[in-house]
Number of protein chains: 2
Amino acid sequence: MSQTTDTRRRLVAAAQELFAARGVGATSPRQVLAASGVGQGSLYHHFPTKHDLTLAAVGATVDDALTSTLRVLAADAPVVERVVAYLERPRDALAGCKVGRLTSDQAVMDDAEVRTVVGLYFTRLVDAVARVVAESGLPVDDARDRAHAAVAVIQGGYVLARATGDPEAMRSAVRGFVTLLRSETAR
Amino acid sequence: MSQTTDTRRRLVAAAQELFAARGVGATSPRQVLAASGVGQGSLYHHFPTKHDLTLAAVGATVDDALTSTLRVLAADAPVVERVVAYLERPRDALAGCKVGRLTSDQAVMDDAEVRTVVGLYFTRLVDAVARVVAESGLPVDDARDRAHAAVAVIQGGYVLARATGDPEAMRSAVRGFVTLLRSETAR
DNA sequence: GTCTATACAACGATAGAC
DNA sequence: GTCTATCGTTGTATAGAC
């Protein structure tokens with residue numbers, strides 16, 4: 001593995017962490033430098049502008065998140081339980097969703113390319129959940145509505161937990177939704 | 001009405017608009033000046049620091065939002081329909097929630113006083129929805145879970161709509177949740 | 001209370017030596 | 001590919017006249 005590649009990775013990894021903790025707009029290239037331990041010249045060699053660094057870091061974060069979520073949804077279990085497994089997955093509620101938080105980050109929304117990457121994450125996530133729900137035999141449109149609601153409960157759970165400073169808010173929202181989901185199935 | 005009060009109001013109104021459109025961290029005192037038409041000296045006379053201006057503007061936005069939502073929840077209708085009325089309320093989904101978006105705004109989360117105001121908004125909102133749900137006779141804990149889920153669906157709906165650039169994502173999430181809510185009631 | 005002018009740090013980015 | 005030094009701009013805030 002070349003040194004080039006290694007430096008690049010350290011920069012991207014440092015950017016991913018800082019973006020997750022403080023957002024893109026509130027993170028400066030200088031902070032990424034300090035966190036990664038590389039020099040200023042190196043950063044601008046690998047990533048000429050902040051846009052380039054942001055695209056690489058957000059792209060990596062989106063890939064990681066999608067991969068691990070799709071694995072949970074593909075488990076060998078009844079349809080409802082696979083959706084419930086997604087919903088009840090352990091999460092750092094107070095940290096917020098690494099991807100979802102970017103939708104109110106002006107530095108992201110002002111950058112068409114990065115915004116597209118964030119949009120694709122949610123499109124694919126909702127599609128994956130909808131496919132699972134549709135296995136139950138529910139009409140496709142209804143399955144998509146359920147999928148949107150499920151993903152929204154998680155994203156909103158993050159907002160509630162962060163706003164109140166209480167991770168229990170996320171768990172309460174999930175419990176409320178799962179109860180409704182199961183009560184329907186049990187009918 | 002004194003000129004002092006009027007200048008103050010124009011500053012707060014301009015700050016509210018800019019904060020709603022671009023967030024607190026991404027809005028500078030200079031932009032507030034330009035939008036309000038007042039001079040630099042005036043701003044710093046009424047609000048010595050950005051913190052002071054932020055607290056006033058966010059406080060006003062929270063008050064407005066809470067007041068109008070509580071009115072919807074107090075309508076004269078069956079319990080489930082009052083919750084549905086809150087859920088189906090017309091919203092500018094692509095703009096995001098003026099309050100919810102602040103939970104991923106670093107300038108807000110770094111300011112303990114402002115953060116508290118945002119937290120209280122959601123605490124009160126969830127409490128209000130939970131009280132309505134509890135009128136149905138559901139145990140209090142279950143009512144609170146439903147309320148958290150309902151508010152989360154809306155907040156998550158904003159995230160989905162903004163991420164995908166499609167307001168239909170919010171409507172789909174709401175439809176999915178309302179269907180589950182009504183199916184339970186109809187049992 | 002409001003104005004103009006200014007201070008000082010941090011921002012994103014570039015220059016040019018090695 | 002990486003370094004140190006520096007650029008021009010904007011951020012938040014202050015000074016002092018009116």
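Numbers restart at 1 for each chain; the letters A, B, ... are given by sequence-line order, proteins then strands. Note: hydrogens, waters and symmetry copies are ignored here, and every other heavy atom, side chains too, is used.
- Between Thr49(A) and dG12(C) there is no side-chain polar atom (N or O) within less than 4.0 angstrom of OP1 or OP2.
- The interatomic distance linking Tyr44(B) (OH) with dG1(C) (C1') rounds to 17 Å, in whole Å.
- Projected onto DNA chain D by closest heavy-atom contact, Gly37(A) and Thr27(B) fall at different nucleotides, the more 5' of which corresponds to Gly37(A).
- At least one side-chain nitrogen or oxygen of Ser28(B) sits closer than 4.0 Å to the OP1 or OP2 atom of dG11(D).
- Residue Lys50(A) contributes atom NZ, which lies 15 Å from atom P of dT14(C) at whole-angstrom precision.
- One interatomic measurement links the two molecules: CZ of Arg10(B) to P of dT2(C), which rounds to 9 Å at whole-angstrom precision.
- Between Val24(A) and Val38(B), the one whose closest nucleotide on DNA chain C sits nearer the 5' end is Val38(B).
- Between the side chain of Arg30(B) and the base of dT10(D) there is no donor-acceptor pair of N/O atoms closer than 3.5 Å.
- The environment of Arg89(B) atom CZ is dense: over 12 non-hydrogen atoms of other residues, nucleotides or ligands sit within 6.0 angstrom.
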May I have the step-by-step check of side chain to side chain contact (heavy atoms under 4.5 Å, CB included) for Arg131(A) and Asp127(A), ending in yes or no? CA-CA 6 Å; Arg131(A) 272 195 301 275; Asp127(A) 282 355; 4.0 Å; yes
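- Separating the CZ atom of Phe47(B) from the P atom of dT14(D) is a distance of 16 Å, rounded to the nearest angstrom.
- In this structure, His45(A) reaches the dG1(D) phosphate: one of its side-chain N or O atoms is under 4.0 Å from OP1 or OP2.
- Atom CG of Asp52(B) is separated from atom C1' of dA13(D) by 12 Å (rounded to the nearest Å).
- Residue Thr7(B) places none of its side-chain N or O atoms closer than 4.0 Å to OP1 or OP2 of dG1(C).
- The closest donor-acceptor contact from the side chain of Arg162(A) to the backbone of Thr103(B) lies under 3.5 Å.
- Atom pair Leu53(B):CG and dT12(D):P shows a separation of 10 Å (rounding to whole Å applied).
- In this entry the distance linking CD of Gln40(B) with P of dT10(D) reads 14 Å, nearest Å.
- For Asp110(B) and Arg22(A), the salt-bridge test passes: some basic side-chain N is under 4.0 Å from an acidic carboxylate O.
- Classification of Asp76(B) and Arg82(B) as a salt-bridged pair fails, no side-chain N sitting under 4.0 Å from a carboxylate O.
- If you measure from atom NE2 of His51(A) to atom C1' of dC11(C), you get 19 Å, rounded to the nearest angstrom.
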